Amino acid sequence: KNKLYEKTRNRQVTFGRSVIGYLNKNYGKSTMQIVANEFLLDLSTLSRAITNLENNREEPTILKNIKKRGSGLRYCII
């Protein structure tokens with residue numbers, strides 16, 4: 001079973017969901033509500049995770065790398 005779909009607050013899992021949400025927000029075609037529903041999350045929880053990713057001061061290169069790779073995507077399918 002994919003850990004992204006588990007009800008957990010594990011840091012690695014929440015980071016993965018926030019990256020998927022960020023990519024979908026900026027390059028995807030699905031609504032944020034659809035992505036949140038896919039992971040059985042509240043929309044506000046996913047939005048907060050994306051905001052935390054965007055405002056990550058500890059690792060500024062993370063978002064830069066995600067943007068670089070994400071810009072090559074035509075769309076993100078959920």
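Computation of the quantities below employed the complete heavy-atom set of this structure, encompassing side-chain atoms and omitting hydrogens, waters and symmetry-equivalent molecules. Computed from a prediction, not measured in an experiment: that's the story for all the values here.
- From Asn65, atom CG reaches atom CD1 of Ile62 across 8.5 Å, with rounding to the nearest 0.5 Å.
- Listed for the Arg17 side chain is a donor-acceptor partner under 3.5 Å among the backbone atoms of Leu4.
- Relative orientation of the Tyr5 and Phe39 rings is tilted, given thresholds of 30° and 60° on the angle between their planes.
- We find the NZ-OG1 distance between Lys25 and Thr51 to be 6.0 Å, quoted to the nearest 0.5 Å.
- Note that the CD1 atom of Ile66 and the CG atom of Leu53 stand 4.5 Å from one another [nearest 0.5 Å].
- Shown here for Ser30 and Asn24, the closest heavy-atom pair between the two residues is O-ND2, 2.9 Å.
- Lys7 places a side-chain N or O within donor-acceptor distance of the main-chain N or O of Leu40, the cut-off being under 3.5 Å.
- To the nearest 0.5 Å, atom CD of residue Glu54 and atom OG of residue Ser18 are 9.5 Å apart.
- The structure places CD1 of Ile20 at 10.5 Å from CZ of Phe15, a figure rounded to the nearest 0.5 Å.
- Interatomic distance, NZ of Lys64 versus CG of Asn56, reported as 14.5 Å (0.5 Å rounding).
- Looking at Ile50 and Met32, their side chains come closer than 4.5 Å, going by heavy atoms from C-beta outward.
- Partners of Thr31 under the side chain to side chain contact (heavy atoms under 4.5 Å, CB included) rule, at least two apart in sequence or in another chain, are Gln33, Ile34.
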